[in-house]
Amino acid sequence: MKHTLLALAAAVCLTVPAKAEMITLASTVPNNGINKVMVDTLTEELGERLPDASLDIFLDGTLGGERELIDLVRIGETQIHMGVIHASEYFPNLDATLVPYLFPDYETVEAFLASETGDKIKAALEEKGNAKFLGTYYQGARWATANKPFTTLDELKGLKIRMPEIPLWIEIWSGLGAVTTPMPSPEVFSALQTGVIDAQENMISNIYGRRIYEVQKYLVGTRHQQSYVTVMANLDFWNGLSGDEQEALQAAVDAATAAATEAAEAENERIIGLIKDAGVEVVEPAPEFREKAMPVIEKAAKGVLDEGIYEAAVEVIEAQSSNDTAK
């Protein structure tokens with residue numbers, strides 16, 4: 001299967017070592033909503049900044065799953081990749097943004113990625129993934145849905161909740177008292193419908209797009225994870241561009257990620273409105289929920305992150321909070 005995908009990618013793209021003529025972008029993200037804003041803006045910006053280049057776009061996993069796509073960009077069969085799993089593949093020991101409940105908003109995520117630890121992350125991406133970090137764009141926070149509301153940790157205890165098969169997430173939610181059930185996403189709807197599980201967590205767009213709201217009574221504003229997509233370029237392709245071409249490509253990506261991030265808040269609020277209109281009640285966790293969860297989160301995070309990374313993340317978050325308060 002993997003070789004077939006590589007052959008397909010080779011047939012539809014050109015590796016451009018010196019001058020950008022054909023740039024192939026591949027991703028598993030769907031061509032709608034925030035992702036469409038990103039891709040449309042990137043296409044427009046590249047048309048203005050690199051008029052001799054054309055962007056060949058393959059979304060919705062046309063060239064394979066996430067792991068296949070990071071392989072394609074690593075070996076240079078595609079030039080640009082927009083994805084989410086590279087961190088868990090290449091540097092889970094550095095990326096504190098993978099820790100649930102740690103980052104309260106996307107601004108703190110951006111500050112962390114711009115910090116000294118962020119520089120280590122970008123270096124690891126180049127070394128292990130042969131890819132140049134170009135930027136990120138926000139998709140929104142992850143929320144929970146449930147058939148009974150929970151606003152405190154006591155109310156969470158015993159709740160049967162589906163988790164993606166991510167050990168850190170399972171450890172944290174289990175430590176908070178939930179009964180976690182790892183399960184592939186295609187099985188979630190029927191599991192909720194039949195009562196195998198009581199709850200699940202996901203991005204707002206997935207909760208709506210997968211019709212989860214049809215089999216859940218409550219939308220819980222846990223906002224426990226700040227979901228974002230990383231944009232990267234094959235390192236050999238990047239190094240083969242002239243300085244002016246690199247500057248133009250980076251500027252185009254910067255404009256596109258900014259436009260997508262700006263659109264994210266409005267898009268998520270729109271979808272929340274649609275879910276509420278369908279009869280789902282929105283509830284907000286009490287402030288004590290996150291406060292009481294932090295000891296469990298800190299212990300689990302320190303078990304997977306390199307020494308000092310958790311503390312560095314907390315320092316960035318506190319500094320960002322102080323800056324926001326001072327404004």
Side-chain angles (χ1 to χ4, degrees), residues 4-66 68-84 86 110 113-114 119 121-123 125-139 228-264:
T4 302
L5 290 167
L6 294 178
L8 174 60
V12 297
C13 70
L14 298 173
T15 301
V16 189
K19 183 176 176 62
E21 295 176 353
M22 175 71 75
I23 301 173
T24 300
L25 181 154
S27 180
T28 60
V29 303
N31 187 25
N32 56 35
I34 300 158
N35 303 308
K36 182 170 173 53
V37 172
M38 167 68 199
V39 172
D40 287 352
T41 306
L42 181 61
T43 301
E44 181 180 347
E45 290 287 332
L46 277 177
E48 294 178 2
R49 299 174 187 274
L50 281 176
D52 292 334
S54 59
L55 194 61
D56 212 7
I57 301 167
F58 297 88
L59 302 181
D60 289 307
T62 305
L63 296 184
E66 190 82 5
E68 285 87 359
L69 294 188
I70 62 173
D71 275 345
L72 290 180
V73 78
R74 178 179 55 81
I75 65 175
E77 293 290 357
T78 58
Q79 283 73 58
I80 297 179
H81 171 58
M82 305 190 319
V84 296
H86 57 285
E110 290 182 301
L113 293 175
D119 291 340
I121 284 173
K122 294 162 191 173
L125 180 60
E126 292 189 13
E127 179 183 351
K128 298 181 179 180
N130 193 38
K132 168 75 175 177
F133 176 94
L134 296 180
T136 62
Y137 67 93
Y138 192 41
Q139 289 192 308
Y228 63 94
V229 176
T230 299
V231 185
M232 64 194 78
N234 170 265
L235 190 58
D236 301 316
F237 161 75
W238 174 263
N239 289 336
L241 298 175
S242 69
D244 287 345
E245 288 171 333
Q246 288 179 351
E247 184 177 342
L249 177 56
Q250 184 64 70
V253 171
D254 290 345
T257 54
T261 296
E262 184 178 352

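Residue numbers start at 1 and run along the sequence shown. In this text, all values refer to a predicted model and were calculated from it rather than measured experimentally.
- Under the 4.5 Å side-chain criterion, counting only non-hydrogen atoms from C-beta, I57 is not in contact with L42.
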Practice prompt. Report the C-alpha distance between E126 and K122 in whole Å, list the side-chain angles of each, state the deciding distance to 0.1 Å, and finish with yes or no for side chain to side chain contact (heavy atoms under 4.5 Å, CB included).
Written response: CA-CA 6 Å; E126 292 189 13; K122 294 162 191 173; 5.5 Å; no
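- Of the possible polar contacts, none joining the T28 side chain to the L59 backbone as a donor-acceptor pair under 3.5 Å is found.
- The two residues T136 and T261 come nearest to each other via the heavy atoms O-OG1, 4.3 Å.
- Taking CG from D52 and CG from L46, the interatomic distance works out to 12.0 Å, rounded to the nearest 0.5 Å.
- Under the side chain to side chain contact (heavy atoms under 4.5 Å, CB included) test applied with V231, the options K132, M38, H81 reduce to a single match, M38.
- Minimum heavy-atom separation, G83 to E66: CA-OE2, 3.0 Å.
- Contact record, L134 with V253: O-CG1, 3.8 Å, taken as the closest heavy-atom pair.
- Heavy atoms of other residues, nucleotides or ligands lying less than 6.0 angstrom from CD of E48 number more than 12.
- Atom CG of L235 sits about 8.5 Å away from atom CG of L125, to the nearest 0.5 Å.
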Item to complete: Begin with the C-alpha distance, continue with both residues' side-chain angles, and end with the deciding distance and a verdict on side chain to side chain contact (heavy atoms under 4.5 Å, CB included) for L249 and F237.
Response: CA-CA 12 Å; L249 177 56; F237 161 75; 3.9 Å; yes
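- Distance check, rounded to the nearest 0.5 Å: CG of L69 to NE2 of H86 gives 13.0 Å.
- Of the residues listed (I23, V73, I80, N239), the one engaging N234 in a side chain to side chain contact (heavy atoms under 4.5 Å, CB included) is V73, and it is the only one.
- Between Q250 and F133 the shortest heavy-atom distance is OE1-O, 4.4 Å.
- Taking CD of Q79 as the start and CG of D56 as the end, the distance is 9.0 Å to the nearest 0.5 Å.
- V229 and V29 get closest at one heavy-atom pair: CG2-CG1, 4.4 Å.
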Discussion item. For a side chain to side chain contact (heavy atoms under 4.5 Å, CB included) check, start with the C-alpha distance between F58 and L72, then their side-chain angles and the critical distance, and finish with the verdict.
Written reply: CA-CA 12 Å; F58 297 88; L72 290 180; over 6 Å; no
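- Considering all non-hydrogen atoms of both residues, M82 and S27 come closest at O-OG, 2.7 Å.
- Checked by atom type and distance alone, the side chain of Q246 pairs as donor or acceptor with a backbone atom of W238 at under 3.5 Å.
- Residue D119 holds its CG atom at 10.0 Å from CG of L113, rounded to the nearest 0.5 Å.
- Defined by atom type and a distance below 3.5 Å, a donor-acceptor pair is present between the side-chain atoms of N130 and D236.
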Discussion item. Could you go through E68 and L63, starting from their C-alpha distance and side-chain angles, then the distance that decides it, and tell me whether this counts as side chain to side chain contact (heavy atoms under 4.5 Å, CB included)?
Written reply: CA-CA 8 Å; E68 285 87 359; L63 296 184; over 6 Å; no
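- Note that CD of E247 is 12.5 Å distant from CG of L241, once rounded to the nearest 0.5 Å.
- Using a distance-only test at 3.5 Å, with no hydrogens or angles considered, no donor-acceptor pair links the side chain of Q139 to the main chain of I34.
- Each salt bridge (charged side-chain N to carboxylate O under 4.0 Å, His left out) pair with one or both residues in residues 27-36, not counting sequence neighbours, appears once here: K36-D40.
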